[in-house]
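Read the structure below first, then the notes.
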Amino acid sequence: MSDIDPEQRIYAVLAAIPSGVVVTYGQVAELAGLPNAARLVGRTLRHLPKGSSLPWHRVINAAGKISLPPDSDSGKQQIARLQQEGLVVDGCRISLAKYRWRP
DNA sequence: ATGGTGACTTGGC
DNA sequence: TGCCAAGCCACCA
C-alpha cells in the first residue's frame with residue numbers, strides 16, 4: 001500500500017488518537033498496518049523525545065495497564081496526563097472496556 | 001553468529 | 001480479571 005517507514009505510520013496513528021481514550025500497543029500496530037509489531041510500537045515510544053507532541057500517554061498494554069513503572073517519571077507523567085483528560089486511573093490500571101478507542 | 005531482553009499479545013485455565 | 005507459556009520483533013553485548 002504505502003512505502004513510508006513503519007515509524008512514520010506509527011506516528012500518524014498516534015496523532016489520530018483523540019483525547020479521553022486509550023489504545024493498546026497491538027492496536028496501534030494493527031492500525032499502522034503492522035501486525036505482530038506491538039513490541040516495535042513500544043520500542044518506538046521509548047525512543048520518543050521528551051518534548052514530543054505525540055499523545056504517547058494514550059497507549060497502554062492489552063491487560064489494561066500502564067507498561068511503565070508507576071514510580072518512574074514517565075509513568076507518573078502518563079497517569080497524570082490521562083487523569084487530566086478525564087480518565088479514571090486506578091493505580092496503573094485503566095478500564096479498557098470504558099476507554100478503549102474504537103475507530 | 002548467538003543468546004538475552006523488553007513501554008507486547010494471545011490462548012488456555 | 002488473573003497467572004502462565006509460547007510467539008514475535010528489533011536491538012545489544
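The analysis underlying the following values was restricted to heavy atoms, covering all of them including side chains, and did not include hydrogens, waters or symmetry mates. Here is how names work: the chains are called A, B, and so on, in the same order as the sequence lines, proteins then strands, and each is numbered from 1.
Across all non-hydrogen atoms, the minimal contact from A:Leu40 to A:Pro6 is CD2-CB, 4.3 Å.
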side-chain contact (heavy atoms from CB on, under 4.5 Å) assessment of A:Leu14 paired with A:Leu45: CA-CA 10 Å; A:Leu14 278 179; A:Leu45 294 193; 3.6 Å; yes
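Under the 4.5 Å side-chain criterion, counting only non-hydrogen atoms from C-beta, A:Gln78 is in contact with A:Trp56. A heavy-atom distance below 4.5 Å is not found between the side chains of A:Val59 and A:Thr24.
Rounded to whole Å, the P atom of C:dG7 lies 22 Å from the corresponding atom of B:dA7.
In this structure, B:dC8 forms a base pair with C:dG7, meeting either the Watson-Crick or the G-U wobble geometry with both donor-acceptor distances under 3.5 Å.
Distance check: A:His47 NE2 to A:Glu7 CD gives 8.0 Å after rounding to the nearest 0.5 Å.
Within a 6.0 Å radius of CG in A:Asp73, no more than 12 heavy atoms belonging to other residues, nucleotides or ligands are found.
One atom, CD of A:Glu7, and another, C1' of C:dC9, lie 13 Å apart when rounded to the nearest Å.
Mapping A:Ser95 and A:Ala37 onto DNA chain C by nearest heavy atom places A:Ser95 closer to the 5' end of the strand.
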B/S/- contact track for nucleotides 2-13 of chain B, protein heavy atom under 4.0 Å: ----BBBS----
